[in-house]
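Please read all numbers here as calculations on a predicted model, not as lab measurements.
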Amino acid sequence: MKTVILAGGLGTRLAEETDVVPKPMVRIGGQPMLWHIMRLYAACGFNEFLVALGHKADVIKNYFLNYYYLRNDFSLRVATGQLEIHDAEQDDWFVHLVDTGTRTQTGGRIKWLAGWLDDTFMMTYGDGVADIDLRALVDFHHSHGKLATVTAVRPPARFGGLVFEGDRVAEFVEKPQIGEGWINGGFFVLEPRVLDYIDADETIFEREPLERLAQEGQLVAYRHDGFWQPMDTLRDVRLLESLWESGNVPWRIWE
């Protein structure tokens with residue numbers, strides 16, 4: 001099953017980082033967010049990716065062109081260019097990199113990939129992680145027979161939280177994981193017929209296509225009560241980095 005990753009947005013709320021690299025290439029624990037997302041899928045047995053590129057597409061292309069060498073030690077005979085790789089660490093991924101335009105919206109990026117998507121596929125954004133069981137998500141999708149499944153998550157709270165014992169503050173939580181209500185957390189499973197709901201490059205997937213699918217009873221929510229964290233702001237980057245450095249990494253399900 002193929003996984004589409006939308007990796008072409010401008011990431012304007014992370015301008016300090018995305019002036020240099022595209023948002024999915026912002027690093028957490030020394031590795032791009034895109035790598036973390038792909039490791040999450042690969043841990044569940046999904047190894048084929050369609051990465052929809054746009055803003056600074058060349059940065060992501062160069063990353064994968066050099067991926068094998070950058071992740072391994074090697075010896076180079078400069079005079080001949082002969083390379084010898086040592087203790088090769090290999091991720092068994094099949095990655096398709098498709099430039100879908102710098103101004104294309106989320107729906108348009110998916111539509112660009114129509115020729116690749118002839119069966120049930122997964123889709124997510126290039127800026128969020130979770131400790132989600134993706135195999136269970138796919139099983140849930142197949143169980144209801146509708147065209148689209150969206151993962152519903154609890155939003156991270158905007159403000160720090162207080163835990164009381166009587167009137168005494170027993171604990172201060174910098175950013176509680178669970179906010180109120182449910183929101184779109186990405187991690188979709190979609191049937192190819194969903195592409196018929198997308199009109200053009202300017203179509204925002206989260207608006208008319210999802211609204212129409214919902215109205216027609218073709219959109220079902222998979223509720224994920226566990227960890228979920230987007231990377232929308234520098235504060236989010238710092239939170240994810242602090243979790244990585246602490247060793248408490250909820251989304252690192254591959255270990």
Side-chain angles (χ1 to χ4, degrees), residues 1-7 22-53 60 63-72 87-98 110 113 116-117 119-143 148-154 156 177-178 183-190 221-232 236-237 239-255:
M1 185 178 292
K2 297 182 180 73
T3 299
V4 171
I5 303 178
L6 302 184
K23 191 176 182 183
M25 295 302 291
V26 173
R27 292 180 178 262
I28 304 296
Q31 297 294 339
M33 171 58 80
L34 183 58
W35 177 88
H36 291 271
I37 295 167
M38 295 171 78
R39 287 298 296 265
L40 173 62
Y41 276 91
C44 295
F46 305 106
N47 298 314
E48 185 170 1
F49 302 95
L50 280 160
V51 185
L53 307 176
I60 298 178
Y63 173 74
F64 282 105
L65 281 172
N66 294 290
Y67 186 88
Y68 180 75
Y69 301 104
L70 292 175
R71 290 189 59 79
N72 292 290
D87 301 322
E89 178 184 340
Q90 301 179 25
D91 290 308
D92 188 18
W93 302 344
F94 190 21
V95 184
H96 312 278
L97 300 169
V98 183
I110 300 169
L113 305 175
W116 301 82
L117 303 173
D119 203 348
T120 307
F121 64 97
M122 292 183 285
M123 188 277 282
T124 195
Y125 307 107
D127 61 357
V129 287
D131 61 352
I132 185 172
D133 184 341
L134 293 163
R135 288 176 294 246
L137 170 63
V138 170
D139 290 343
F140 174 80
H141 174 79
H142 288 312
S143 73
T149 299
V150 58
T151 298
V153 298
R154 300 286 193 182
Q177 176 57 36
I178 305 302
I183 62 171
N184 167 18
F187 300 102
F188 292 85
V189 185
L190 305 170
Y222 175 83
R223 292 179 176 87
H224 174 64
D225 274 311
F227 177 85
W228 174 83
Q229 179 61 50
M231 187 185 66
D232 290 331
D236 294 331
V237 173
L239 171 63
L240 290 165
E241 184 68 30
S242 68
L243 288 172
W244 186 270
E245 291 178 354
S246 74
N248 175 27
V249 188
W251 70 92
R252 191 165 57 190
I253 66 170
W254 54 86
E255 293 185 355

Engineer: For Asn184, what residues pass the side-chain hydrogen bond (donor to acceptor under 3.5 Å, both in side chains) criterion, not counting sequence neighbours?
Structural biologist: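 Expected list: Tyr125.
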Engineer: My understanding is that only residues two or more places apart in sequence, or in another chain, count here; which of them pass ring-ring contact (aromatic ring centres under 6.0 Å, His included) with Phe140?
Structural biologist: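 Expected list: His144, Tyr222.
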Engineer: I'd like to check the side-chain hydrogen bond (donor to acceptor under 3.5 Å, both in side chains) partners of Trp35; sequence neighbours left out, ordered by chain and number.
Structural biologist: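 With neighbours one apart ignored, the set is Tyr67.
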Engineer: Identify every side-chain donor-acceptor pair in residues 36-49 under 3.5 Å, counting partners at least two apart or on other chains, and give the distances.
Structural biologist:
from: His36; atom 1: ND1; to: Trp251; atom 2: NE1; distance (Å): 3.1
from: His36; atom 1: NE2; to: Ile28; atom 2: O; distance (Å): 2.7
from: His36; atom 1: NE2; to: Gln31; atom 2: O; distance (Å): 3.4
from: Glu48; atom 1: OE2; to: His96; atom 2: NE2; distance (Å): 2.8

Engineer: Who pairs with Asp119 by side-chain contact (heavy atoms from CB on, under 4.5 Å), at least two apart in sequence or on another chain?
Structural biologist: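 Per chain and number, Asp119 pairs via side-chain contact (heavy atoms from CB on, under 4.5 Å) with no residue.
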Engineer: For Pro230, which residues count as a side-chain contact (heavy atoms from CB on, under 4.5 Å) partner, sequence neighbours excluded?
Structural biologist: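 Checked Pro230 against side-chain contact (heavy atoms from CB on, under 4.5 Å); matches are Pro156, Trp228, Asp232.
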Engineer: Restricting to ring-ring contact (aromatic ring centres under 6.0 Å, His included), what partner residues turn up for Phe121, sequence neighbours left out?
Structural biologist: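 Phe121 satisfies ring-ring contact (aromatic ring centres under 6.0 Å, His included) with no residue once adjacent residues are dropped.
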Engineer: Among all residues two or more places apart in sequence or in another chain, which pass the salt bridge (charged side-chain N to carboxylate O under 4.0 Å, His left out) test with Asp131?
Structural biologist: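 None.
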Engineer: Sequence neighbours left out, what passes salt bridge (charged side-chain N to carboxylate O under 4.0 Å, His left out) with Arg252? Give chain and number order.
Structural biologist: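 Applying salt bridge (charged side-chain N to carboxylate O under 4.0 Å, His left out) to Arg252 gives Glu255.
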Engineer: Leu97: what forms a side-chain contact (heavy atoms from CB on, under 4.5 Å) with it, not counting sequence neighbours?
Structural biologist: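 By the side-chain contact (heavy atoms from CB on, under 4.5 Å) rule, Leu97 matches Val51, Leu53, Ile60, Lys61, Phe64, Val95.
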Engineer: With sequence neighbours left out, write down each residue that passes side-chain contact (heavy atoms from CB on, under 4.5 Å) with Thr120, or none if nothing qualifies.
Structural biologist: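 Scan of Thr120 (side-chain contact (heavy atoms from CB on, under 4.5 Å), adjacent residues dropped) gives Met1, His141, His142, Val189, Glu191.
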Engineer: Mind checking salt bridge (charged side-chain N to carboxylate O under 4.0 Å, His left out) for Arg223 and listing every partner two or more places apart, or none if nothing turns up?
Structural biologist: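 Checked Arg223 against salt bridge (charged side-chain N to carboxylate O under 4.0 Å, His left out); zero matches.
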